[in-house]
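I have placed the structure first, in the form of structure tokens, so that the comments after it can refer back to it.
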Amino acid sequence: MSEQGEQGKPKKAKEAKASAEPEIMEKIVSLCKQRGFVFQSSEIYGGLKSCYDYGPLGAELKRNVKAEWWRAMVHGREDIVGIDASIIMHPNVWRASGHLAGFSDPLVDCKDCKERGRADKWPTVPEGTEVEYKVIVDHQTGKKETRKGAVGKLGIVCPNCGSPNTSDIRRFNLMFRTSLGSIDPIENIAARLDGKALSGDELRRVLSDAVNETAVYLRPETAQAMFTNFLNVQTTMRLKPPFGIAQQGKSFRNEVTIEHFTFRSCEFEQMEMEYFVPPPQYAEGGKDDMYWFNYWCQERLSWYISLGLRKEKLRLRPHSADELAHYAKACSDVEYEYPWGWGELEGIAHRSDFDLKQHEKHSSKKLTYFDPQKNAHYHPYVIEPAAGADRAALAFLIDAYAEEPPPPGTKEGRTVLRLHPRLAPIKVAVFPLVKKEGMPDTARKIVAEFWKHQVNASYDEKDTIGRRYRRQDECGTPYCITVDGQTAQDGSVTIRERDSMKQERIQVADAVGVVKKRLA
RNA sequence: GCGGGUGUAGCACAAUGGUAGUGCGCUAGCCUUCCAAGCUAGUUACACGGGUUCGAUUCCCGUCACCCGCUCCA
């Protein structure tokens with residue numbers, strides 16, 4: 001708290017108080033701009049809050065992150081299939097999921113059991129009344145504890161657990177609302193209001209009704225499409241639990257707080273998978289829902305490590321009982337230690353059979369799986385690893401960033417992005433040592449060979465060779481191939497490795513093969 | 001949402017009530033045979049809007065964006 005006095009002081013005070021960490025973030029943001037990873041959206045108009053554009057290298061990086069996820073989650077295994085659903089869904093989807101509730105209703109949350117409801121529907125009690133209520137202290141065992149408290153000024157208690165600890169009344173506006181249809185909803189509103197003098201509440205209702213006729217919402221998560229398509233996918237692909245449905249795509253949330261560059265923004269890309277497993281009574285071979293929950297926690301943590309994130313910067317953090325959503329049986333976050341502290345990369349949630357049952361209730365369509373061997377209809381339980389593509393890309397970028405002192409025998413230090421080769425935007429850069437003796441021609445032929453074989457390669461002949469190497473280091477390019485005087489004699493070139501800066505000679509004819517092998 | 005701070009070129013910084021410099025970068029040329037060499041030329045900025053003023057990048061107000069803290073986070 002003693003730091004509070006330093007708020008807002010010029011940079012020097014800021015730097016003095018913290019380690020080098022915030023400075024690193026500034027450098028990364030700067031590098032992102034300078035090298036074409038990330039720009040602020042609509043920059044020429046002064047920028048738009050929380051919106052960012054990926055530039056040429058950033059777009060490649062993010063594509064690669066998504067491709068690796070798809071490869072690990074869908075193409076690399078037989079039990080998961082992918083979909084690509086519409087961003088706009090039927091509004092009732094959001095009624096069922098609970099996302100729509102807050103739009104017009106005065107909502108309150110119970111701070112103890114996480115029940116959410118309408119303040120005007122909850123039991124009323126005179127302010128200051130002492131009440132007794134029960135709180136679940138262990139979600140695994142369901143163990144409860146009795147507590148006492150006084151009712152606050154809202155004069156309500158939780159209908160579920162009786163707790164007086166409620167949040168303030170809030171109207172949420174999490175989702176982006178728009179309208180589906182070619183007629184501007186304002187026409188509709190104007191028509192209804194024409195010539196009427198309405199009180200505040202009436203006005204609110206008329207407006208709301210008019211808007212709701214055509215209102216649709218941008219999805220705040222991709223998950224719901226996996227639930228609504230549960231039977232479509234299960235039956236067409238002839239799947240049997242445990243199986244999963246995966247999807248990548250944009251989601252939109254009006255976040256209260258946006259922070260840390262691309263870490264939390266209103267438009268973001270998710271990589272979600274819903275893994276449907278038999279409920280406990282139908283589980284086989286000890287592989288019950290909790291087995292799969294733990295399996296996915298480990299699996300997802302390993303994915304980040306396999307793509308180069310440092311182990312010591314990663315952790316799995318189980319949610320405490322009071323953090324869990326009311327429907328969740330368990331939840332763990334994969335967290336990365338960003339320069340500003342630990343932050344979520346991905347959440348793995350055990351959602352029980354909540355979602356399918358909700359949609360069954362709201363759609364009146366049966367959403368059960370029929371197991372012919374056990375002759376049973378059941379609602380599978382759902383384990384959901386939900387990752388953020390933008391957060392992952394940012395973490396990979398931050399983790400890869402390194403500033404090195406001058407290597408032996410050289411004068412200048414270097415900035416290098418030690419990105420995993422499969423994530424690197426450019427895989428290989430090809431240079432002529434000098435712009436003479438036909439070297440540029442040979443180098444251009446080599447780079448064209450890479451393009452032909454779908455390896456993202458780049459050609460550069462500008463400036464001295466050392467500078468060109470450093471430029472590529474800063475973009476994270478793992479390999480550089482240089483055509484030199486010897487190439488014309490024996491058909492060999494050098495290949496330089498980004499991290500070690502070591503070079504070896506290979507044959508021009510083998511270049512594509514060598515690089516492809518290292519990327520595999 | 002609340003409080004504080006910041007906003008000058010692609011990036012990092014400087015100066016100034018009389019319209020702006022430096023370094024790096026970038027472009028072109030010369031030179032250059034393996035790790036940010038050198039020379040020459042060129043390129044690019046006062047976030048936006050209003051006010052005060054003879055004159056504003058500089059002072060004032062508002063807006064926008066970003067940063068820090070709190071709050072919030074389905």
Side-chain angles (χ1 to χ4, degrees), chain A residues 1 3-11 13-15 17-18 22 25-27 29-36 39-52 55 94 97-102 107 109 114 116 167-168 170 172-175 220-221 223-224 251 253-261 264 266 323-328 331 340 344 347 349 351 354-355 386 404 406-416 431-437 439 461-474 480-487 493-494 496 498 501-503:
Chain A
M1 293 300 110
E3 286 168 8
Q4 229 157 3
E6 295 180 359
Q7 274 172 32
K9 283 254 182 84
K11 231 176 253 174
K14 230 165 56 186
E15 282 164 11
K17 114 187 164 202
M25 204 51 214
E26 279 169 30
K27 284 178 178 170
V29 172
S30 175
L31 181 135
C32 279
K33 176 87 193 281
Q34 206 163 354
R35 292 290 174 197
F39 308 121
Q40 179 153 40
S41 163
S42 319
E43 198 187 55
I44 60 168
Y45 289 103
L48 184 62
K49 179 166 54 172
S50 148
C51 296
Y52 294 92
W94 311 115
S97 70
H99 288 90
L100 195 51
L107 286 192
D109 287 317
K114 306 296 170 191
R116 170 167 291 168
S167 67
D168 291 336
R170 293 171 295 190
F172 286 80
N173 191 20
L174 173 88
M175 290 193 290
E221 60 177 35
Q224 296 305 323
S251 290
R253 292 182 196 174
N254 272 313
E255 295 283 355
V256 177
T257 309
I258 40 134
E259 57 190 351
H260 303 309
F261 198 39
R264 185 192 302 282
C266 294
E323 261 182 292
L324 285 176
H326 60 94
Y327 52 79
C331 188
W340 60 84
E344 182 187 345
R351 301 178 66 114
F354 175 80
D355 303 278
E404 294 179 353
T410 65
K411 287 180 285 243
E412 296 282 340
R414 65 169 185 160
T415 299
V416 53
F431 311 138
L433 184 58
V434 288
K435 279 186 280 185
K436 283 201 277 201
E437 295 161 28
M439 290 182 204
E461 59 177 26
K462 185 86 178 79
D463 300 310
T464 58
I465 190 73
R467 188 189 289 267
R468 282 177 270 163
Y469 284 146
R470 299 307 171 86
R471 266 204 291 263
Q472 294 301 326
D473 288 344
E474 213 170 291
C480 291
I481 285 176
T482 302
V483 173
D484 59 13
Q486 206 178 316
T487 309
V493 289
T494 62
R496 168 198 185 262
R498 176 193 67 206
M501 307 202 317
K502 294 235 168 70
Q503 287 179 298

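Every chain is numbered from 1 and lettered A, B, ... according to where its sequence line falls, protein lines coming before strand lines.
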- Within the modelled atom types, does a donor on one side and an acceptor on the other bring the side chain of A:E474 and the base of B:A36 under 3.5 Å apart? yes

- Indicate, yes or no, whether a donor-acceptor pair under 3.5 Å links the base of B:C35 to the side chain of A:R468.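 Answer no: no donor N or O sits under 3.5 Å from an acceptor.
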
What integer number of Å spans the [atom1] atoms of [N] and [M]?
N: B:G69; M: B:U27; atom1: P; result: 38 Å
N: B:G1; M: B:U71; atom1: C1'; result: 7 Å
N: B:C72; M: B:U16; atom1: P; result: 44 Å
N: B:G7; M: B:U43; atom1: P; result: 28 Å
N: B:U44; M: B:G49; atom1: C1'; result: 24 Å
N: B:U58; M: B:A15; atom1: P; result: 16 Å
N: B:U53; M: B:G4; atom1: P; result: 29 Å
N: B:G21; M: B:G38; atom1: P; result: 24 Å

- Item | Evaluation steps, side-chain contact (heavy atoms from CB on, under 4.5 Å), between A:D463 and A:R471 | CA-CA 10 Å; A:D463 300 310; A:R471 266 204 291 263; 2.9 Å; yes

Output the rounded distance in Å from [atom1] ([X]) to [atom2] ([N]).
X: A:E412; N: B:A37; atom1: CD; atom2: P; answer: 7 Å
X: A:L174; N: B:G1; atom1: CG; atom2: P; answer: 15 Å
X: A:R264; N: B:A74; atom1: CZ; atom2: P; answer: 10 Å
X: A:Q40; N: B:C67; atom1: CD; atom2: C1'; answer: 12 Å
X: A:E404; N: B:C35; atom1: CD; atom2: P; answer: 16 Å
X: A:I44; N: B:A45; atom1: CD1; atom2: P; answer: 14 Å
X: A:K33; N: B:C24; atom1: NZ; atom2: C1'; answer: 15 Å
X: A:E26; N: B:A12; atom1: CD; atom2: P; answer: 9 Å

- Sidechain N-carboxylate O distance under 4.0 Å for A:R35, A:E474: yes

- Is it true that a side-chain atom of A:S41 and a backbone atom of A:L48 form a donor plus acceptor pair closer than 3.5 Å?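 Here the side-chain-to-backbone pair does not exist.
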
- Item | Runs of at least three Watson-Crick or G-U pairs with RNA chain B, cut-off 3.5 Å |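 RNA chain B stems, ordered by first number: B:1-7 with B:64-70, B:10-13 with B:21-24, B:26-30 with B:38-42, B:47-51 with B:59-63.
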
- Message: Closest approach to the side chain of A:H260, judged atom by atom: which nucleotide of B:A36, B:C68, B:A12 is it?
- Response: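 Selected nucleotide (nearest to the side chain): B:C68.
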
- Note on the structure: Looking only at B:G25, B:A12, B:C67, the nucleotide nearest the A:R467 side chain is B:G25

Does [X] reach the side chain of [Y], with side-chain heavy atoms less than 4.5 Å apart?
X: A:F431; Y: A:R496; value: no
X: A:R468; Y: A:K462; value: no
X: A:T487; Y: A:M439; value: no

Identify whether any heavy atom of [X] sits under 4.0 Å from a base atom; if not, whether one sits that close to sugar-phosphate; answer base, sugar-phosphate or nothing.
X: A:L48; answer: sugar-phosphate
X: A:F431; answer: nothing
X: A:T487; answer: nothing

- Query: How do A:E43 and A:K49 order along RNA chain B: which one's closest nucleotide is nearer the 5' end?
  - Reply: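 Taking each residue's closest nucleotide, the earlier one in sequence belongs to A:E43.
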
- With sequence neighbours left out, what residues match A:Q472 under side chain to side chain donor-acceptor pair (under 3.5 Å)? A:T477

- Query: Which atom names give the shortest non-hydrogen contact between A:T482 and A:P432, and what distance separates them?
  - Reply: CG2-C, 4.5 Å

Give every pair of a protein N or O atom and an N or O atom of nucleotides 27-34 of chain B that lie under 3.5 Å apart, one pair per line with the distance.
residue, atom, partner, partner atom, Å
B:U33, O4, A:E437, OE1, 2.5
B:U33, O4, A:E437, OE2, 2.0
B:C34, O2, A:Y469, OH, 2.7
B:C34, O2, A:Q503, NE2, 2.8
B:C34, N3, A:Y469, OH, 3.4
B:C34, N3, A:Q503, NE2, 3.0
B:C34, N4, A:D484, OD2, 2.9
B:C34, N4, A:T494, OG1, 3.2

- Assign the ring pair A:W340 / A:H260 to parallel, tilted or perpendicular, where the plane angle (0 to 90°) is split at 30° and 60°. parallel

- Decide side-chain contact (heavy atoms from CB on, under 4.5 Å) for A:E221 and A:R253; before the verdict, give the C-alpha distance in whole Å, the side-chain angles of both, and the deciding distance to 0.1 Å. CA-CA 8 Å; A:E221 60 177 35; A:R253 292 182 196 174; 4.1 Å; yes

- Item | Chi angles and distances behind the side-chain contact (heavy atoms from CB on, under 4.5 Å) call for A:Y469, A:R414 | CA-CA 10 Å; A:Y469 284 146; A:R414 65 169 185 160; over 6 Å; no

